[in-house]
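Below is one structure, written out as structure tokens, with a few remarks after it.
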Amino acid sequence: MGGFVLKRILQAIFVLLVVTLFVSYAVRLSGDPALMLSQGAGSVTEQDLQNIRAGLGLDRPFLVQYADFVRGIVVGDFGRSFMGGTPVRGLIADALPATLALAFVSLLLSVLVSVPLGIHAAVNKGRGVDQVIRIVSLVGLSFPNFWLAIMLVLLLSVTLQLLPPSGWDGPLSLVMPALTMAIILSATNVRLVRTAMLETLSSQYITVARSKGLAERAVLYKHALRNCAIPLITYIGLQFGNLIGGIVVVEKVFNWPGLGTLAFDAISGRDYPVLQGTVTVLALVIVAVNLLVDLAYGLVDPRIRSK
Amino acid sequence: MQPAVLPTAAAPQGRAFQWRSLEFIAGALLTGLMVLLVLLSVWIFPDRGSTMDLAARLSPPFAQWAHALGTDPLGRDVLARVLVGGRISLMVGLLSTLGASLLGITIGLVAGYYRGVWDTILMRCVDVQLALPFILIALTFISILGGGLGNIIVFMIISQWVQFARLVRGLVLSVREREYVQAARAFGVRDLSMVRHHILPNVIGPVIILVTLNVANNILLESSLTFLGLGVDPLIPSWGGMLADGRTYMQTAWWVSVFPGVAIMLTVLGLNLLGDWLRDRLDPTGKL
Amino acid sequence: AGTLNVALHQDPGNWDPIATFLVSWGAVGSQVFDGLIIRTPDMKLVPGLATKWEFTDKNTKLRFTLRPNVKFHDGEPFDAEAVKFTFDRLLGEEGKKGPQQSNYTSIDKVVVVNPMTVDFILKSPDPVLLTKLAGYGAMIVPPKYIKEKGSQFFGMNPVGTGPFKFSEYKPKIALALERNPNYWGGAPKVDNLNYRFIAEPATQAAELQAGRIDVANQIPLSMVETLKKDSKLAVLSMDGPVALALRYNTQRGIMKDKEVRKALTMAVDRDAIIKTILLGNAKPIASFQGVLSFGNDPSMKPLPFNPAQAQAMLKKAGVKPGTSIQLDFRGPDSNFREVAQAVAGYLQAVGITVSLKPYETNVLLNDIIPNGKTGEMWQNQWGGWTFDYDNTAYAMYYTKQRWNPFDDDAKLNALLHTQRNTWDQAARKQTLHEIARYVADQALEMPLYSLNTVYGLNKRAKNLDLPADGRFRFVNATVE
Amino acid sequence: MPAVHPAPLNAAPQAAGPLLSVRSLAVEFPVPGGRLRAVDGLSFDVSAGRTLAIVGESGSGKSVTSQAIMRLTDYSGGEIVDGQILFNSPVSGPQDLRLASEEAMRSIRGNEIAMIFQEPMTSLNPVFTIGNQIAETLVLHQHMTAAQARAQALSLLELVRLPDAGRLLDAYPHTLSGGMRQRAMIAMALACKPALLIADEPTTALDVTIQAQILNIIRELQRELQTAVMFITHDMGVVAQMADDVVVMWRGRQVEQGPVDRIFHHPQHPYTRALLAAVPKLGSQAGLALPRRMPLVVLEDGQLREVGTEQVQDTVDASAPLLSVDQLTTRFDVAHNLLGRATHRVHAVEAVSFEIYPGETLALVGESGSGKSTIGKTLQQLVQATSGTVRFEGKELAGMHAQDRQRLRQEIQYIFQDPYASLDPRKTVGFSIAEPIRTHRLLDDPRAVQKRVAELLECVGLRPEHAQRYPHEFSGGQRQRICIARALSCNPRLVIADESVSALDVSVQAQIIDLMMELQAQRGLSYLFITHDMAVVEKISHRVAVMYLGQIVEIGSRQDIFERPQHPYTRKLLAAVPVAEPGHRIDSRLIQGEIPSPMRKVGHGPEILRLVEVNPGHRVAQAAVA
Ligand SMILES: Nc1ncnc2c1ncn2[C@@H]1O[C@H](COP(=O)(O)OP(=O)(O)OP(=O)(O)O)[C@@H](O)[C@H]1O
Ligand SMILES: Nc1ncnc2c1ncn2[C@@H]1O[C@H](COP(=O)(O)OP(=O)(O)OP(=O)(O)O)[C@@H](O)[C@H]1O
Ligand SMILES: [Mg+2]
Ligand SMILES: [Mg+2]
């Protein structure tokens, strides 16, 4: 195991290099920050642009810039934003907790809701409960996340005035964004749990567990659930990754100061240092999550571990 | 040496069985109906919902025959646009899901089945893909190749295969250690046939679910692209685009965004019913 | 007393006046800093840190008499050295890195005459100079503070002479200002200003509805009616600096023909678009500028909406029905998405098929347009903060300018040049009118409308003196 | 169908009446094309302190009956369509379990009625440790704390004589041998000291010494707690030893029942007679050098008939070995330090050498957990050998081309110990049986394949239409036969049969063995026959190898082993074989003693035993000889 983790860390470094290299290169393809920064100026000469570029250190060859960035990362210096010179590390340090909080709470909420619902649907397969659960869970998939988000805002903030419609101050602010994400995540999770459950419930050892007189709850949540945990864990891992990096739209609606928005703004502002820094952190988190998922496979299924 | 099977005549059919066929009928009907309406929409609405009437903008639904589902901010008929819009949405949703799932399943199978180097390489690719911000890929991809329909589908495949790959790989890792797989290996079943007959059928359940859900996801992904300004021509109606356009009207004109959402829901419901039915068909043990 | 809560759509990230061109900077910067000249909400130039000014030496020298007894927030006195320092910085190495320097290139140098007098030595005429001196880059900054702490620090912890002091800044999230009791113009009435950065217009509206902000600087037009119905809220819609047009790619296909371009303009009912889609929050324009702009000619009328004539003109020009053209626009701009679709609808009616191509805003602005990669038409949107047609027209029509990838018109160049090199405002106005007419005659664009500046307000906030250009100065504001 | 009417059973010792009394029970399953009545009109009583044995044909509904009593058929798609299951609960009073609420059933299951399932491999949850699965019941029904339950689980594992009980608490099922899993199942069932114990073939995977020990334990428990035991088995020796009363089932019905003596000595129904006639008796072949095929007693139209004639199985071609195994060693790492280095290993197979000649049957017997299955899996390239060489027809396995290996996979067939786990649950058994044929392209025409599958099914006593069914729709013995059919489908030259006839009733077993011997005679097939059933070994093997703790302790001709056993373990094994004669008891002294463990610290390998030849071809571990 120790060796396995060590190997994965080496691979992670490789992944980080590839990702940051790609991102640094791609973002440089997609636009020139000097043009952006000078956009409002009356008339701009090529000389002005070059001055701006030189000021940002963009006049050097790409690989030199990249090497510089990597060197910075190694010593923990993420550079400064093109948009105003804010230290990138500070921006990330501010955004990361918000993102992690949202990701954790949404996932937790979703798991807490979808596991029982999915199991319930599986056990009552074909009956009314199952149909209702299946149809309701689809709502989260039929409307885009911003749509759900705006609906929640209209209902809970504007009409009922229960929750703050946006921002990041205190646990109350977390409710709606987490709810939005949880509704969406649950749509998939409920159905995954249901299916995986159906595959497991017919196993002999489930009959055996029942023969021991275990409460149905123990049979389902202990014996069956763990046996169908692999698709769930896989998917939750993926969802975590998505939540960390990809929920820009929801973050925007709730004005949630997360990494997704940071990355998004950095992309649209061609703010290379912020983007590179954010992506590095994203990649780190995702690599870590995938490592955890792989380790979890062995935990939930000892047969995988023994190889 | 067997007790004989009794004739069926009086034997009542199991409840599960009834539901299963009902599931199929409902699923096929719903999907079929959506597809049919969408296909026929061009004949029903020869203008393809493009006739504008700024004077009649945002008229509410169920008020007049001409615009049964109301009109949008440009005074176009919502019903016509929902039906015509299905053509793009269904095509994008189905094709991109098809592509992504085929790619992802294949990669997941290879990685999970062979493990070792293949697994390492493919799963690191997954890591890379997951760590790249969706918008950046969208932006680079679409701004380099242009935002045509084909490109959007390709882009969706690129951004969606990962989940299939990882899901399938996880399941394969577990299934390949089962004794029946070893048994098959023992009498020399070749890899391809092993995967086809023993691995795939035993991992396919969750995958089917993901596939049916992914159709919805990809239809909606288009609306996220629109939200970010990377979508297709807004003159070509699509469910995702309509949802994105309707988002500022949610307090004033709910129908603009609700009906495309309902259309997505019905389609996805139909597909899911079919998916569940298929899953049940493939799982002989599930006759609870 | 009390706290005023303001929503801004963006965080400029740096509060150094020379580092930015963003409106959202102005919304904060104008509270913290003063220029020598201040522009009032009704567009008048009034004394700021300078009490008076005059041009001498054939307009090559501009002398300012400074306001005495003004102190920066940190106690540092304001004097001629501070002015010199500010402009040396803006025009020197430091300024090179930012976008503001290019606005002030007509200034050769600043000379200290005595502690309360400075001379600006000019190297070329700049008729808009005074307006620009009321602009972002010309905000007076504290020399000692910057020298001690460095620009980097200054950018995060700005110190000015303005009515409000910087107190806390959470990048991308919020910003707090507090009252400057010693403000030379009289201390503001509210104690605190709380800015929150909220990018989504719909979210700003929701926050307004929830009563958590008092001023929203971007609300979706579709929400205007809803907000107006709320007894606690108000909506303020006023002439603004932003003009929109569809520029024609005069190098491409049918667009090479001037008559065709005119026909297209006439085929689109711009008034209807303003009335319905924009709910009246815009004004029709005949040239690429709003009514507040210096150089706007009220007597100039837009081409009329006349589809029949347009069709006839197209036919005459040999344009076949069904000819298709492409319109490039900023994809995320949900408002313009509708406008573009409406335009396409009108053009369809005269037999021109339009395909709409959304672009990510920055790709459009920094690649497609400057490099001339557009379709037949493209969304041209411009918020000239100087409210002077010079700035706009020069950027739009002068050869090889970034916004002019297609045309090279010697006559237009000459006109632009002339007006830019004259101090005589009356003559300049004449020339600007001429330019506008010439552009309209050449049909370089389809002028659409000038967009109103729309604010959403909570009625508990009073005397906000909201300006059209978004540069808030809440000196007189009160909250209940 | 001449069903004997249920005569009242012997009066129970207590006046209270029977603990369980089943009245005209009928269970049905929906199957394609109709409903299958798996159990029909079954009635019997079990009283406290007594043992009822249910014997009968494979697939006759024994397991279904036991599941119906626990009402587990509710979950497996079955339906109790008729009858009563009267349970006189010591806790909650008499009640009809058929009508009991789910709630009531839960407090009875595992607590008052416990069950040992037939197939231990698939009955243990693969993702929980053995200890966890045992402790669970204790926490639930006995309200123990986790620590108490763990301690109790440990003593239960020791009770069922598992070696290394402490380690096994934290081991996962897949690392246990078949017999070890079965003992874990038994420990689980005994945990709460139930009033009624239903044991469905509880000792099929156990060697006779451990079987004897387990039977002893059940008897002890019964004596102590007046437990009623329902014992389902096909081993008439075990029946004779354990049962007070016997129910004989045939085709879903009970054909005969009565006290054990009467059934054994005065069987009424022809099926019972056929069954008893088929019981292999240890020592019946004494003095014969070669195994022989005996005539089969079959039941036809209610009449017993003998078919076939006695034939000597003189099939061995001793010129060159087909398979030779030299110093084969297979170890499993079971504990690791922080750096991922192994600290403890299970020495499953240690320096094992033997040969198999064409046409020969080598029986591999030995203690449960001694490495027999591991040898089988190693030979079939499913488990990586740690060292040693395996040669097939003189060619070394390790150096073979992929193509040769592939051919080997046709010529050597391994029949897994657990048939259920080794059948793909999503494929019809027809598909599974046909798969080797298709894999090795033995037949091209799909119709020919289908025909072959039908033939094979008939060969093993199933019907062609069974090809359409899925594995979960069969009984344990039926699945075992499916696996045999699958192994035979690709014309192998060597079959490794791992406990392949253990779940078959003796009459079917006799048919299958006859089939295997016939194939040997016809095609010169070789068998490596792994089994615990010494009587079967005597009946079919040419040579016998006895394993103990991963090593062969004695190997020799059948006569050598059965008539001149040298090693003490061999002797113990032979002494422990139950005799199909009521009243006969095993000498309990034979079955005492230490439980050895194959797990060792790295660097502390076991002593490699040296075999010395005491007779030509008869070799015994040195220590025993000295
Ligand atoms: N789930 C099921 N679906 C359909 N048929 C079933 C099912 N379970 C059992 N059967 C059928 O019921 C009959 C009785 O099975 P059962 O398992 O009780 O046999 P058994 O007497 O225990 O046999 P064995 O000794 O081989 O274990 C068999 O013919 C079997 O095919
Ligand atoms: N994958 C594994 N990991 C660790 N230990 C294992 C593994 N497989 C088998 N063992 C151990 O190897 C030993 C031999 O197991 P094997 O299955 O060969 O026994 P067996 O002789 O077939 O016993 P039985 O007659 O009970 O089936 C046992 O102690 C078992 O626990
Ligand atoms: Mg059975
Ligand atoms: Mg074994």
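Naming convention: chains lettered A, B, ... in sequence-line order (proteins, then strands); numbering from 1 in each chain.
Put simply, of D:D424, D:T439, D:L423, D:I415, the one with the most heavy-atom pairs under 4.5 Å next to chain B is D:D424. Your options are D:R405, D:E465, D:R407, D:H440, and the one with the most heavy-atom pairs under 4.5 Å with chain B is D:H440.
Summarising the local packing, CZ of B:R190 is surrounded by more than 12 heavy atoms from other residues, nucleotides or ligands at distances under 6.0 Å. More than 12 heavy atoms of other residues, nucleotides or ligands sit less than 6.0 Å from atom CG of B:L36.
Side chain of B:R178 to backbone of D:A421: no donor-acceptor contact under 3.5 angstrom is found. With hydrogens and angles ignored, the 3.5 Å screen pairs no side-chain donor or acceptor of D:R409 with any backbone N or O of B:V189. Using modelled atom types, one side-chain atom of D:Q406 and one backbone atom of B:G188 make a donor-acceptor pair closer than 3.5 Å.
Of the two parts of D:D40, neither the backbone nor the side chain holds a non-hydrogen atom closer than 4.5 Å to a non-hydrogen atom of chain B. With a 4.5 Å cut-off on non-hydrogen atoms, D:R486 touches chain B through its side chain but not through its backbone.
Counting heavy atoms from C-beta outward, B:E179 and D:D418 have side chains that approach closer than 4.5 Å.
Across all non-hydrogen atoms, the minimal contact from B:Y180 to D:P425 is CE2-CD, 3.4 Å. Counting all heavy atoms, side chain and backbone alike, D:F416 lies closest to B:A183 at CE1-CA, 3.2 Å. When all heavy atoms of B:A186 and D:Q380 are compared, the pair lying nearest together is O-NE2, 3.1 Å.
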Donor-acceptor contacts under 3.5 Å from residues 426-433 of chain D side chains, at least two apart:
residue	atom	partner	partner atom	Å
D:R426	NE	B:N202	OD1	3.3
D:R426	NH1	B:P201	O	3.2
D:R426	NH1	B:L282	O	3.2
D:R426	NH2	A:E199	OE1	3.2
D:R426	NH2	A:E199	OE2	3.2
D:T428	OG1	D:F431	N	3.1

### Message
Checking D:E435 against B:H198 for the side-chain contact (heavy atoms from CB on, under 4.5 Å) test, could you report, in this order, the C-alpha distance in whole Å, the side-chain angles of both residues, the deciding distance, and whether it holds?
### Response
CA-CA 11 Å; D:E435 196 169 24; B:H198 299 293; 2.6 Å; yes

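Here the straight-line distance linking atom CD1 of D:I437 with atom CZ of B:F187 works out to 10.5 Å at 0.5 Å rounding.
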